[in-house]
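Counting starts at 1 for both ligands and their atoms, following the listed order.
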Amino acid sequence: MADRYGFRTRMVFRLVAFVVVVTSSISLFAADAPVKAGQPARPNIVLIYADDIGYGDLSCYGAIRIQTPNVDRVAKEGLRFTDGHCTSATCTPSRYSMLTGEYAWRKKGTGVLPGDAPLIIEPGRMTLASVLKKAGYRTGVVGKWHLGLGRAGLDWNGEIKPGPLDLGFDECFLMPATGDRVPCVYVENTRVLGLDPKDPIQVRFGQKIGNEPTGKENPDLLTMHPSHGHDQTIVNGVSRIGFMTGGKAARWNDQDMADVFVERAKSFVARHQKATPNEPFFLYFATHDIHVPRLPHHRFLGKSGMGPRGDALLQFDWAVGEILDQLDQLKLTGNTMVIITSDNGPVIDDGYKDDAVAKLNGHQPAGPLRGGKYSNFEGGTRVPLIIHWPARIKPGVSETLVCQIDFIASFAALIGQTYDKATAPDTQETLAAFIGESTLGRQLLVEQAGMLSLRQGTWKLIDKSKGPKRSAGTNTELGNDPEVQLYDLKKDLGETTNVAAMHPDKVTEMQKLLEGIRTGEGRLSP
Ligand code: NG6
Ligand code: CA
């Protein structure tokens with residue numbers, strides 16, 4: 001039998017076969033990386049939460065004096081937000097809001113916590129981690145916690161409970177509070193790591209405990225001197241906030257801290273991948289960089305030309321690269337959502353003489369924004385926010401107003417999970433904005449610093465305040481003014497011209513809106 005089908009027919013067969021193969025492999029990919037509209041997806045989620053990195057600190061946000069190539073890769077391949085926010089201009093309230101979905105100012109005792117504070121989120125309460133855990137995610141937190149641990153009067157030598165394990169995390173490896181606060185030890189799950197029972201640890205704030213040297217009494221022992229505050233127990237040549245004694249073998253080494261956290265973060269991913277490769281994971285990776293004391297590893301020293309603050313930024317960028325490399329190696333990058341953001345705006349001198357001011361070299365940590373950490377101006381809460389998820393998110397830049405407090409409602413929507421609106425009254429579902437499928441984000445956002453401000457679209461209202469213009473120690477412009485302030489950020493991103501007098505109706509409208517949110521329906525905590 002010669003040619004049963006003609007040449008043309010054979011070509012059509014081939015074409016059909018080709019189309020079948022190609023479309024089936026596309027749908028295979030789609031099943032692997034759920035991109036179909038209407039279907040819940042379950043990407044891995046890696047939330048990289050920087051400490052004190054400002055809007056202008058990364059080269060993808062316009063920094064020129066410093067290069068952050070790993071973060072820039074995330075921005076280039078992902079969605080970079082120009083109006084992304086934490087809720088507060090300091091750490092504890094931002095983290096509280098992000099994890100609970102409740103504005104921190106609704107609850108007393110959520111300001112910057114001392115190192116011996118009890119856990120401020122009620123054990124068993126729904127959190128970002130527990131919502132994901134309920135949906136089958138393996139959950140872990142590595143790095144800075146700063147939401148309190150245990151109950152009042154905690155004995156650091158025993159079981160440290162309650163903590164993240166009571167809030168939906170399967171495992172944790174923590175710096176309890178901040179780098180500049182005692183206790184300067186790591187907590188692994190419910191124990192201080194490496195503690196020698198013969199050398200028990202004791203921690204106290206407000207009153208000295210033990211007889212170890214302090215920055216105030218023994219400045220000659222210091223390798224880094226405080227500029228304001230930070231003159232209590234000396235650990236590794238650096239005086240901290242608070243007093244501790246004992247626990248010598250368990251004390252962290254500041255220069256190794258980024259390495260330790262990266263190692264722990266990678267180990268969480270690797271172990272999880274091995275044990276349950278078909279289940280997604282959520283890693284909350286909260287770096288210490290670039291908070292004070294800035295003591296990056298010696299391989300970064302002098303590399304930025306901007307002193308320890310710039311070197312710590314390079315160390316942060318390195319850490320991001322390490323996480324990305326691991327995801328690449330494990331072939332997880334496609335269906336992992338990597339988020340990079342920060343807990344508050346930038347600060348230059350935050351209490352140590354580390355050359356940050358002298359070596360700034362024209363670098364603008366807040367970029368075009370006014371203020372920074374502690375400030376009511378945009379520099380306080382408008383921070384870098386980048387989301388990278390190749391299977392779903394198209395690269396680009398979004399000007400949509402989004403906030404970390406909305407991760408709960410938005411991720412719940414993404415994975416088809418319900419969440420308890422009563423305990424998370426302030427989280428709003430803005431999933432489409434986070435994944436770049438809509439330009440509709442938040443209509444209203446309360447920003448917390450010394451007082452509350454309100455964003456409505458590109459309007460910004462800062463209510464009257466008798467507070468100081470600048471913070472005495474850090475020299476940050478705080479945005480306090482006895483007159484009400486209104487800024488039109490579309491025309492005036494740097495909040496230089498108060499237009500309240502020109503728009504009295506807008507001021508009244510926004511004051512009422514803010515009051516409504518403050519006292520209204522959503523109120524939960526006393
Ligand atoms: C301040 C500290 C500052 C920093 C901040 C918390 C002094 C003088 N200043 O009280 O150094 O630790 O608290 O930073 O003690 S945060 O990023 O954790 O909010
Ligand atoms: Ca911070």
Next item on the list: Could you check if a side-chain atom of Glu217 sits within less than 4.5 angstrom of a side-chain atom of Lys208, using non-hydrogen atoms only?
Entry: yes

Margin query: Parallel, tilted or perpendicular, judged at 30° and 60°: which one describes the rings of Phe377 and Tyr487?
Written below: perpendicular

Notebook entry, point to check: Relative to the ring of Phe434, is the ring of Phe407 parallel (under 30°), tilted (30 to 60°) or perpendicular (over 60°)?
Noted result: tilted

Next item on the list: Indicate whether the side chain of Glu102 and that of Ser97 have a donor and an acceptor atom separated by less than 3.5 Å.
Entry: no

Next item on the list: Considering heavy atoms of the protein only, find what lies nearest to atom 13 (O) of ligand 1 and give residue, atom and distance to 0.1 Å.
Entry: Arg181 NH2, 3.0 Å

Item checked: Atom indices of ligand 1 within 4.0 angstrom of Thr90 heavy atoms, with elements -> 19 (O)

Note to self: I need the full list of salt bridge (Lys or Arg N to Asp or Glu O under 4.0 Å) pairs touching residues 360-372, with sequence neighbours left out, sorted by first then second residue.
What the structure shows: Arg370-Glu477

Note to self: Show me the pairs that pass ring-ring contact (aromatic ring centres under 6.0 Å, His included) and involve residues 51-75, at least two apart or across chains.
What the structure shows: Tyr55-Tyr61

Item checked: Heavy atom of the protein closest to atom 5 (C) of ligand 1 (residue, atom name, distance) -> Tyr374 OH, 3.4 Å

Checklist line | Heavy atom of the protein closest to atom 18 (O) of ligand 1 (residue, atom name, distance) | finding: Lys144 NZ, 2.9 Å

Next item on the list: Go through the steps to decide whether Lys161 and Asp166 satisfy the test salt bridge (charged side-chain N to carboxylate O under 4.0 Å, His left out), and finish with yes or no.
Entry: CA-CA 8 Å; Lys161 274 170 72 163; Asp166 303 280; 5.7 Å; no

Item checked: Proximal candidate to atom 8 (C) of ligand 1 [heavy atom criterion; set His228, His146, Arg95] -> His228

Item checked: Atom indices of ligand 1 within 4.0 angstrom of Asn344 heavy atoms, with elements -> 17 (O)

Check: Is it the case that Ser398 and Thr400 place a side-chain donor and acceptor less than 3.5 Å from each other?
Finding: yes

Next item on the list: State yes or no: are the ring centers of Phe261 and Tyr186 separated by less than 6.0 Å?
Entry: yes

Checklist line | Cationic tip of Arg518 above Trp105 ring, under 6.0 Å, 45° of axis | finding: no

Check: Nearest protein heavy-atom contact for atom 16 (S) of ligand 1: which residue, which atom, what distance?
Finding: Cys91 CB, 3.3 Å

Notebook entry, point to check: Any idea which protein heavy atom is nearest atom 14 (O) of ligand 1, and the distance to it?
Noted result: Lys373 NZ, 2.8 Å

Checklist line | Test side chain to side chain donor-acceptor pair (under 3.5 Å) applied to Asn70 - qualifying residues, sequence neighbours left out | finding: Asp317

Note to self: Checking a contact table here: which protein heavy atom is nearest atom 7 (C) of ligand 1, and how many Å away?
What the structure shows: His230 CE1, 3.6 Å

Check: Of the listed options (Thr178, Ile241, Asp180), which comes nearest to atom 15 (O) of ligand 1 when hydrogens are ignored and any heavy atom counts?
Finding: Ile241

Check: Protein N, O or S atoms less than 3.0 Å from the Ca ion (ligand 2), ignoring waters?
Finding: Asp51 OD1, Asp52 OD1, Asp343 OD1, Asp343 OD2, Asn344 OD1

